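Remarks on the structure that follows.
Since the structure is predicted, the reported quantities are computational estimates derived from the model, not experimental observations.
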Amino acid sequence: MDKKTTHFGYKTIAREEKAAHVKDVFDSVSNRYDIMNDLMSIGLHRLWKKYTIEKAAVKRGQNVLDLAGGTGDLAKVFSRQVGDYGHVVLADINLLMLKEGRSRLIDAGISKNLSIVQLNAENLPFPKNSFDLITIAFGLRNVTEKQMALESMYKALKPGGKLLILEFSKPISIIQPLYDLYSFKVLPFLGELVTKDAESYRYLAESIRMHPDQNTLLDMMNKAGLERCRYQNLTGGIVALHEGYKF
């Protein structure tokens, strides 16, 4: 693949077109995002996110950036944890997802220590050394220039800051056949049945397969300047939580 093209699922497209294609997918599912996640993970995404929150170990007064934060699942918890003297930025490239998140957060009574920003993770508009923690859950695989995004996250972290990446990854071989069957046969069928949108779910399954595996992403994090990088497989490697620090 040359520098002018990239993957959109299994399709090869011009790099400048990917963001628009991803936007169309998430525009389609924005008001059914929880259903989408439940279908993709059989409900396990809630446990994976809970574990990520535990690993984040957010402290009062900290500044947190939740990238590709969608409907605000993580941001809602972080905003309560940082308290009145901390701040959380909920960020996403998709405006409809942010609107859904804003509505949910307001309903939860959260607004004072929270900002909502539409942005591209490849070029974060924050000063260097801004955040104690950056999280990105199930969003990195949709970014066109992943290495550029990791480098931008590194710059935005404070010295001693932590990056957590929760993402679908490469499962252990024994469960791969069953996982493929679910991803490419069952998931699009359920997507059509529940949301009338099989194609978006087919893309999401393909995007997982095109995402860097655990060790490749680890190398990319190291290349971006992050240190003490490691990952932990969850549910047999269907998902992995990557962790890295800026020193």
Side-chain angles (χ1 to χ4, degrees), residues 45 47-70 72-83 85-93 113-115 117 119-170 208 211-247:
H45 73 100
L47 297 177
W48 298 330
K49 289 176 180 176
K50 182 179 179 181
Y51 181 74
T52 301
I53 290 166
E54 291 172 358
K55 291 290 288 184
V58 170
K59 298 178 177 60
R60 296 187 72 80
Q62 288 189 324
N63 292 324
V64 177
L65 171 62
D66 181 28
L67 284 171
D73 289 350
L74 298 184
K76 180 171 66 175
V77 177
F78 292 149
S79 66
R80 289 169 175 159
Q81 291 175 332
V82 302
Y85 297 101
H87 195 79
V88 176
V89 178
L90 170 62
D92 202 294
I93 197 171
N113 62 355
L114 180 81
S115 298
V117 181
L119 53 72
N120 189 328
E122 297 168 11
N123 187 21
L124 298 178
F126 305 108
K128 291 181 180 180
N129 308 326
S130 292
F131 298 100
D132 300 284
L133 170 71
I134 297 177
T135 58
I136 179 166
F138 305 118
L140 185 60
R141 74 180 186 278
N142 296 310
V143 175
T144 305
E145 300 288 353
K146 296 176 180 61
Q147 189 65 49
M148 187 183 300
L150 290 170
E151 291 168 4
S152 189
M153 293 176 211
Y154 174 82
K155 291 176 183 177
L157 279 173
K158 294 180 181 179
K162 176 165 56 178
L163 170 64
L164 291 176
I165 303 170
L166 181 68
E167 187 56 87
F168 288 103
S169 199
K170 185 175 178 59
I208 292 168
H211 184 66
D213 65 18
Q214 289 91 325
N215 287 313
T216 302
L217 181 53
L218 203 65
D219 290 341
M220 293 171 68
M221 292 172 69
N222 284 314
K223 183 179 178 181
L226 292 151
E227 300 180 44
R228 286 174 53 192
C229 297
R230 55 191 174 185
Y231 70 85
Q232 184 171 353
N233 280 334
L234 306 176
T235 318
I238 290 175
V239 162
L241 179 63
H242 282 70
E243 177 181 359
Y245 294 81
K246 177 178 179 178
F247 293 112

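Contact record, Asp66 with Ala75: OD2-N, 3.6 Å, taken as the closest heavy-atom pair. When all heavy atoms of Ala56 and Phe78 are compared, the closest pair comes out as CB-CE2, 3.9 Å. The heavy-atom pair separating Asn113 from Ser79 by the smallest distance is ND2-O, 2.7 Å. Between Arg60 and Gly83, the shortest heavy-atom distance links the atoms NH2-CA, 3.6 Å. Looking at every heavy atom in both residues, Met153 comes nearest to Ile134 through O-CD1, 3.4 Å. Nearest heavy-atom pair across Cys229 and Asn222 is SG-OD1, 3.5 Å.
For the pair Asn215/Tyr231, a side-chain contact is recorded, criterion being any heavy-atom separation below 4.5 Å from C-beta on. By the 4.5 Å heavy-atom criterion applied to side chains, Glu243 and Arg228 are not counted as neighbours. Leu241 has its side chain out of reach of Val239: every pair of non-hydrogen atoms, C-beta onward, lies at least 4.5 Å apart. Within the 4.5 Å cutoff, the side chain of Thr235 has no heavy atoms near those of the Leu47 side chain. Residues Leu124 and Leu65 form a side-chain contact, since some pair of their non-hydrogen atoms from C-beta on lies under 4.5 Å apart. The closest side-chain heavy-atom distance from Asn129 to Lys246 is below 4.5 Å. Proximity of Leu166 to Tyr51: side-chain heavy atoms (C-beta onward) are nowhere separated by under 4.5 Å. Using a 4.5 Å heavy-atom threshold, the side chains of Val58 and Ile53 count as separate.
Counting only distance, with no hydrogens or angles, the side chain of Glu145 and the backbone of Glu122 share no donor-acceptor pair below 3.5 Å. Using modelled atom types, no side-chain atom of Glu167 and backbone atom of Ala240 make a donor-acceptor pair closer than 3.5 Å. Side chain of Asn120 to main chain of Asn123: no donor-acceptor pair is present (N/O by atom type, distance under 3.5 Å, no hydrogens or angles). A donor-acceptor pair under 3.5 Å links the side-chain atoms of His242 to the main chain of Gln214, judged by distance alone.
To the nearest 0.5 angstrom, Arg141 atom CZ is 13.0 Å from Leu217 atom CG. Between atom OG of residue Ser152 and atom CD of residue Gln147 there is a gap of 12.0 Å, rounded to the nearest 0.5 Å. One distance of note links CZ of Phe138 with NE2 of His211; it measures 10.5 Å at 0.5 Å rounding. How far CD1 of Ile238 is from CD1 of Ile208: 9.5 Å, rounded to the nearest 0.5 Å. With rounding to the nearest 0.5 angstrom, the NZ atom of Lys50 is 14.0 Å from the NE2 atom of His45. Rounding to the nearest 0.5 Å places CD1 of Ile165 at 7.5 Å from CG of Leu226.
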Ile93/Asn142 under side-chain contact (heavy atoms from CB on, under 4.5 Å): CA gap, chis, key distance, verdict
CA-CA 10 Å; Ile93 197 171; Asn142 296 310; over 6 Å; no
Given side-chain contact (heavy atoms from CB on, under 4.5 Å), test Gln81 with Val64 step by step and report yes or no.
CA-CA 10 Å; Gln81 291 175 332; Val64 177; over 6 Å; no
Assess the residue pair Val82 and His87 against the criterion (side-chain contact (heavy atoms from CB on, under 4.5 Å)); give the C-alpha distance rounded to whole Å, side-chain angles, the decisive distance to 0.1 Å, and a yes or no.
CA-CA 7 Å; Val82 302; His87 195 79; 5.9 Å; no
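Applying the 6.0 Å contact sphere to NZ of Lys146 captures more than 12 heavy atoms from other residues, nucleotides or ligands.
Among residue pairs with one or both ends in residues 150-163, those qualifying as salt bridge (charged side-chain N to carboxylate O under 4.0 Å, His left out) are Asp132-Lys158; sequence neighbours excluded.
Judged as a ring-ring contact (aromatic ring centres under 6.0 Å, His included), and not counting sequence neighbours, the contacts of Phe247 are Tyr245.
Using cut-offs of 30° and 60° for the angle between ring planes, the Phe168 and Trp48 rings count as perpendicular.
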